Trainee: 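Right, I'll just put the structure down here and ask away after.
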Amino acid sequence: MSTIGATPKKNFGVHRGAPAPIRIRLRGGGVLVSFDNSLKFTVTHPTGSFTLGVGTGITLSAAEAVSNAEATIQLSVAQSRQLPLGALSTYEIQRTAGGQEQVFLMGKLIAEGGGNPDD
């Protein structure tokens with residue numbers, strides 16, 4: 001995909017073993033954009049990668065009276081434990097718009113904690 005300007009970047013902290021949800025919204029021309037089932041969250045870390053999609057780690061909900069305008073991304077405990085400590089993992093969030101894949105946010109997942117065993 002050809003773009004003008006750089007893809008926006010934002011880093012997120014992830015507590016290994018107790019990951020908090022990541023919530024995102026996208027505005028186009030100042031207006032909230034509705035997401036669809038093409039939304040993907042791909043994580044790459046030193047020993048592999050995984051991808052979450054709508055219904056498999058991503059939940060869509062209304063925001064500001066716009067349906068499906070907020071995406072909640074929830075890593076599982078096992079997925080969070082795959083992340084090495086520190087800023088060694090990256091992510092990209094993409095969707096398909098107008099028949100083309102569009103990466104609209106990317107950055108690092110900064111993993112911390114995780115010393116407590118899961119029950």
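Here the structure is a predicted model, which means the values were calculated and not measured.
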Trainee: Under a 4.0 Å N-O cut-off, is there an ion pair linking R27 with E64?
Mentor: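 Yes, this pair counts.
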
Trainee: According to side chain to side chain contact (heavy atoms under 4.5 Å, CB included), who are the partners of N11, at least two apart in sequence or on a separate chain?
Mentor: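 With sequence neighbours excluded, N11 shows a side chain to side chain contact (heavy atoms under 4.5 Å, CB included) to K108, I110, given in chain and number order.
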
Trainee: Does the side chain to side chain contact (heavy atoms under 4.5 Å, CB included) test come out yes or no for E92 and T44, once each step is laid out?
Mentor: CA-CA 9 Å; E92 289 186 351; T44 303; over 6 Å; no

Trainee: Could you please spell out the steps behind the side chain to side chain contact (heavy atoms under 4.5 Å, CB included) verdict for R16 and E112?
Mentor: CA-CA 6 Å; R16 295 174 1 141; E112 60 187 6; over 6 Å; no

Trainee: Do any N or O atoms from the side chain of Q79 and from the backbone of S76 form a donor-acceptor pair under 3.5 angstrom?
Mentor: yes

Trainee: To which residues is V66 joined in a hydrophobic cluster, defined by side-chain heavy-atom contacts under 4.5 Å among Ile, Leu, Val, Met, Phe, Trp and Tyr, whether direct or through other members?
Mentor: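 Listed partners: L32.
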
Trainee: What's the verdict on side chain to side chain contact (heavy atoms under 4.5 Å, CB included) for Q102 and Q94, showing C-alpha distance, side-chain angles and the deciding distance?
Mentor: CA-CA 5 Å; Q102 174 190 51; Q94 72 178 46; 6.0 Å; no

Trainee: Got a sec, which hydrophobics cluster with F41, joining ILVMFWY side chains under 4.5 Å apart, including via others?
Mentor: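 F41 shares its hydrophobic cluster with F12, V14, I22, I24, L26, V33, F35, L39, V43, F50, L52, V54, I58, L60, I73, L75, L83, Y91, I93, F104, L105, L109.
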
Trainee: Closest heavy-atom contact between P84 and P46?
Mentor: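 Closest approach of P84 to P46: CG-CD, 3.5 Å.
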
Trainee: Tell me whether R81 contacts the main-chain N or O of G114 through its side chain, where contact means a donor paired with an acceptor under 3.5 Å.
Mentor: yes

Trainee: Taking C-beta and beyond as the side chain, do H45 and Q82 meet within less than 4.5 Å on heavy atoms?
Mentor: yes

Trainee: What's the shortest heavy-atom distance between S80 and G17, and which atoms?
Mentor: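 Answer, listing the atom of S80 first, then G17: OG-N, 2.8 Å.
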
Trainee: When you compare the side chain of R23 with that of E70, does any pair of heavy atoms fall below 4.5 Å?
Mentor: yes

Trainee: Taking atom types as modelled, is there a side-chain donor on T42 or T51 under 3.5 Å from an acceptor on the other?
Mentor: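 Yes - a donor-acceptor pair under 3.5 Å links their side chains.
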
Trainee: Between Q74 and P19, is there a donor-acceptor pair closer than 3.5 Å when you use the side chain of the first and the backbone of the second?
Mentor: yes

Trainee: Would you give the length of the straight line joining atom CZ of R25 to atom OG of S34, rounded to the nearest 0.5 angstrom?
Mentor: 12.0 Å

